[in-house]
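This report refers to the structure that appears directly beneath it.
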Amino acid sequence: METFFLEKHPHVELCDLLKFMGWCDSGGTAKAVIAEGQVNVNGKVETRKRCKIVADMNVEFASNKVVVKASE
């Protein structure tokens, strides 16, 4: 499982997180896989492209998993 740090930001949008993690090569691709129901947030399918991901949330896509933390 990978870790993503928010640093000083309160949240990251789900579509942006997929891009930042390198799981999708573009925002359009990220939005498409979210709309298709391929992404889970805290174990549930999430279809909101701009869902706010905050600290201590888990995101899964394909065989990738990340936990979001406030800072290092």
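No hydrogens, no waters, no symmetry mates; every other heavy atom, side chains included, goes into these values.
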Give every donor-acceptor pair under 3.5 Å between a side-chain atom in residues 31-38 and any protein atom, sequence neighbours left out.
from, atom 1, to, atom 2, distance (Å)
Glu36, OE1, Gln38, NE2, 2.4

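For Lys65, there are no salt bridge (charged side-chain N to carboxylate O under 4.0 Å, His left out) partners at least two apart in sequence or on another chain. Residues forming a salt bridge (charged side-chain N to carboxylate O under 4.0 Å, His left out) with Asp25 (at least two apart in sequence, or on another chain): none. Remark: Glu60 engages no residue in a salt bridge (charged side-chain N to carboxylate O under 4.0 Å, His left out) (not counting sequence neighbours). By the salt bridge (charged side-chain N to carboxylate O under 4.0 Å, His left out) test, Lys49 pairs with no residue at all, sequence neighbours left out.
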Checklist line | Worked check of side chain to side chain contact (heavy atoms under 4.5 Å, CB included) between Val59 and Val39 | finding: CA-CA 7 Å; Val59 177; Val39 180; 3.9 Å; yes
Margin query: Evaluate Arg50 against Cys15 for side chain to side chain contact (heavy atoms under 4.5 Å, CB included), listing each step before the verdict.
Written below: CA-CA 6 Å; Arg50 298 199 176 273; Cys15 58; 4.2 Å; yes
Next item on the list: Evaluate the criterion side chain to side chain contact (heavy atoms under 4.5 Å, CB included) for residue pair Phe4 and Met21; output intermediate values, then yes/no.
Entry: CA-CA 8 Å; Phe4 179 83; Met21 295 304 298; 3.9 Å; yes
Notebook entry, point to check: After noting the C-alpha distance and the side-chain angles of Trp23 and Glu2, does the key distance pass the side chain to side chain contact (heavy atoms under 4.5 Å, CB included) rule?
Noted result: CA-CA 12 Å; Trp23 298 348; Glu2 297 180 70; 3.5 Å; yes
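Across all their heavy atoms, Phe61 and Cys24 have their closest contact at CE2-SG, 4.3 Å. Shortest non-hydrogen contact noted between Lys69 and Thr3 is CG-CG2, 3.7 Å. Counting all heavy atoms, side chain and backbone alike, Ala30 lies closest to Lys19 at CB-CG, 4.5 Å.
Side-chain atoms of Val54 and His11, non-hydrogen and from C-beta on, do get closer than 4.5 Å to each other. With a 4.5 Å cut-off on side-chain heavy atoms, Val68 and Leu6 count as touching.
Rounding to the nearest 0.5 angstrom, the gap separating the CG atom in Leu14 from the CD1 atom in Ile53 is 4.5 Å.
With side-chain heavy atoms closer than 4.5 Å counting as contact, directly or through intermediates, the hydrophobic cluster containing Met1 also holds Val67.
Remark: side-chain polar atoms of Asn42 are paired, donor with acceptor, to backbone N or O of Asn58 under 3.5 angstrom.
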